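What follows is a set of notes on a single structure, which appears directly below.
Values in this document were obtained by computation on a predicted structure and should not be read as measured data. Here is how names work: the chains are called A, B, and so on, in the same order as the sequence lines, proteins then strands, and each is numbered from 1.
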Protein chains: 2
Amino acid sequence: MKIDRPRRLPDEIAKNISFAIEAGQLKPGDRLPTEQALSDQFGVARTVVREAISLLKYDGVIQSRRGVGAFIAQAGGRSAFRISPACFEKRKQLVQLLQLRTGVQTDASALAATARNNLQLAGIGGFLQEMISAVAQGGDAIERRVDAEFAFYRAITEASGNDYYVEFIGMIESKIVENLRSVAIKNARAAEWGEDVLAEHQTVFDAISARDAEAARIATRIHFERAAQRLTDRADIADL
Amino acid sequence: MKIDRPRRLPDEIAKNISFAIEAGQLKPGDRLPTEQALSDQFGVARTVVREAISLLKYDGVIQSRRGVGAFIAQAGGRSAFRISPACFEKRKQLVQLLQLRTGVQTDASALAATARNNLQLAGIGGFLQEMISAVAQGGDAIERRVDAEFAFYRAITEASGNDYYVEFIGMIESKIVENLRSVAIKNARAAEWGEDVLAEHQTVFDAISARDAEAARIATRIHFERAAQRLTDRADIADL
DNA sequence: ATAAATCAGTTGTCTGACAATATGTTTTAT
DNA sequence: ATAAAACATATTGTCAGACAACTGATTTAT
């Protein structure tokens with residue numbers, strides 16, 4: 001059981017304001033209440049409010065002008081892509097997020113097929129062998145299977161040679177496992193594992209090995225679409 | 001000429017620390033100097049240092065424990081995808097960024113081909129017509145051309161039905177135009193425009209109109225790869 | 001009427017203090 | 001001597017107030 005972390009006040013305030021913006025209570029161009037008013041409203045010190053506003057400024061959600069005030073920025077001006085925890089509370093958003101992950105991972109595989117070198121291919125193949133042996137062992141090797149799968153696709157992404165793919169997929173992946181009660185999902189996914197899933201990975205590897213970008217794209221897409229299907233089919237997620 | 005915005009101290013400090021992490025001076029697990037030490041080192045008040053650290057905490061770059069200190073987080077734990085301005089100073093990173101944009105936009109087009117409704121298609125076609133007429137008018141309609149192109153692909157992305165694609169591409173796009181001295185690039189791109197580029201867009205539209213996802217993917221990829229080529233070929237970017 | 005000076009309001013920064021928490025040290029009880 | 005408890009210390013988190021820098025509007029002087 002995970003202990004609930006001690007909340008930080010500035011984060012709470014930032015979330016509060018952020019929700020107000022998403023809900024449409026504060027529209028682009030509107031002026032935020034003064035820091036003094038906000039600190040009174042939330043019952044915290046002004047430094048806390050300042051830190052909260054500073055976070056939102058960092059993301060480009062609001063802009064402030066000294067001597068004037070803070071304003072809600074235009075919708076297009078975001079300077080960071082951040083996955084809010086709320087995504088995992090609504091089924092539609094979760095599906096969209098998995099869809100995005102699938103698309104990016106697919107591109108990464110296609111890139112890797114042409115950009116990879118032999119050393120990287122060997123590394124990727126090593127994780128595939130790890131998965132195969134873990135499946136053969138069965139039973140108590142659940143963790144090994146799942147970890148190897150993560151490593152497998154991470155190695156593929158790294159072989160693409162594009163650091164942004166690595167960073168982006170890493171971020172999405174960590175957010176997904178963090179919010180979907182990782183252990184339960186891990187077990188669930190591991191339990192569903194069989195030879196067929198292994199064949200999906202094998203196909204991906206073969207395509208990258210053959211430097212066939214299109215085949216890699218198709219194989220990766222098939223796997224992640226099925227994985228997303230298996231994930232969203234689960235009972236504990238279906239009723240979101 | 002762009003006026004240099006009044007620097008904000010916390011942002012400067014955050015950048016400084018962030019660079020130190022990227023440069024490897026501070027590795028995951030390392031402990032940050034105390035807030036007091038940092039405020040002495042940078043010659044600012046502790047509140048400023050606190051805001052800076054708060055930003056990095058928000059991105060998951062560092063974690064802090066009350067009574068102990070602040071620590072560099074593991075590389076995989078980022079909770080936001082942010083494009084640092086440094087990307088635009090190195091040619092390799094810029095190419096990678098454009099590659100990522102191309103991949104995601106390509107997926108968005110493919111999705112739009114199947115998910116679009118007729119109303120959205122009409123909107124997309126409208127922007128295509130806008131581009132055609134602007135090109136036909138020639139000369140002083142440069143802004144119209146470029147704005148219509150942005151709107152065209154934005155409309156396609158929205159037609160994909162996935163909000164994350166819209167948000168992600170919008171963020172990347174705004175960062176690109178912001179950092180590549182938008183006006184100069186706009187003019188450059190507009191000057192290079194001709195019937196051939198228009199044909200690229202037309203092909204994309206036709207594929208989406210025909211609900212042909214693969215054709216849409218290919219056509220979009222062709223356009224953006226060529227666009228990236230044209231962009232990086234420019235002299236003022238070539239010598240980064 | 002126009003321009004300059006003044007003023008009130010807001011954000012940005014500084015300073016100092018205290019609260020909350022973790023770690024290491026010392027004291028005390030057994 | 002050992003273990004537990006109390007204490008001291010260090011660090012982050014929060015609070016409170018002040019002043020600086022800046023903006024926009026108001027007032028005043030010419």
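Contact annotation: B:Arg65 side-chain N/O to D:dG13 OP1/OP2 distance is not under 4.0 Å.
Atom P of nucleotide D:dT12 and atom CG of B:Leu56 are separated by 14 Å, given to the nearest angstrom. The distance between atom CZ of A:Phe42 and atom C1' of D:dC15, rounded to the nearest whole Å, is 17 Å. Atom CZ of B:Arg31 and atom C1' of C:dT23 are 10 Å apart (whole Å). Atom-to-atom, CD of A:Gln63 to P of C:dT11 comes out at 14 Å; the value is rounded to the nearest Å. Distance B:Glu51 CD to D:dG13 P: 13 Å, rounded to the nearest Å. Atom CG of A:Asp40 is separated from atom C1' of D:dA16 by 13 Å (rounded to the nearest Å). Distance, A:Leu38 CG to C:dT10 P: 11 Å, rounded to whole Å. Per the geometry, CZ belonging to A:Phe71 stands 11 Å off C1' belonging to C:dT11, to the nearest Å.
Among the nucleotides D:dT23, C:dC14, D:dG13, the one closest to the side chain of B:Leu9 is C:dC14. Considering only the side chain of A:Arg66, C:dG12 comes nearest among C:dG12, C:dT15, C:dA22. Side-chain proximity of B:Ala45 to C:dT11, C:dC14, D:dG13: nearest is C:dC14. Listed nucleotides C:dG12, D:dT23, C:dT13 differ in distance to A:Ser64; the shortest reach to its side chain belongs to C:dG12.
The shortest distance between side-chain heavy atoms of B:Gln105 and B:Thr157 falls below 4.5 Å. Here the side chains of A:Phe152 and A:Leu128 are in contact, with some heavy-atom distance below 4.5 Å.
Note on ring orientation: taking the six-membered ring where Trp is involved, the planes of A:Phe168 and A:Phe81 are tilted (angle from 30° to 60°).
The residue B:Ile53 sits apart from the nucleic acid: no heavy atom pair falls under 4.0 Å. Using a 4.0 Å heavy-atom criterion, one finds that A:Thr34 contacts the sugar-phosphate atoms exclusively. Using a 4.0 Å heavy-atom criterion, one finds that A:Arg50 contacts the bases of the nucleic acid, with or without backbone contacts as well.
Each of B:Leu32 and A:Arg46 was assigned the nucleotide of DNA chain D with the nearest heavy atom; the assignment lying further toward the 5' end belongs to B:Leu32.
No donor-acceptor pair closer than 3.5 Å links the side chain of A:Gln99 to the backbone N or O of B:Tyr164.
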- Step by step, work out the side-chain hydrogen bond (donor to acceptor under 3.5 Å, both in side chains) result for B:Arg144 and B:Ser133. CA-CA 9 Å; B:Arg144 268 181 63 204; B:Ser133 75; 2.8 Å; yes
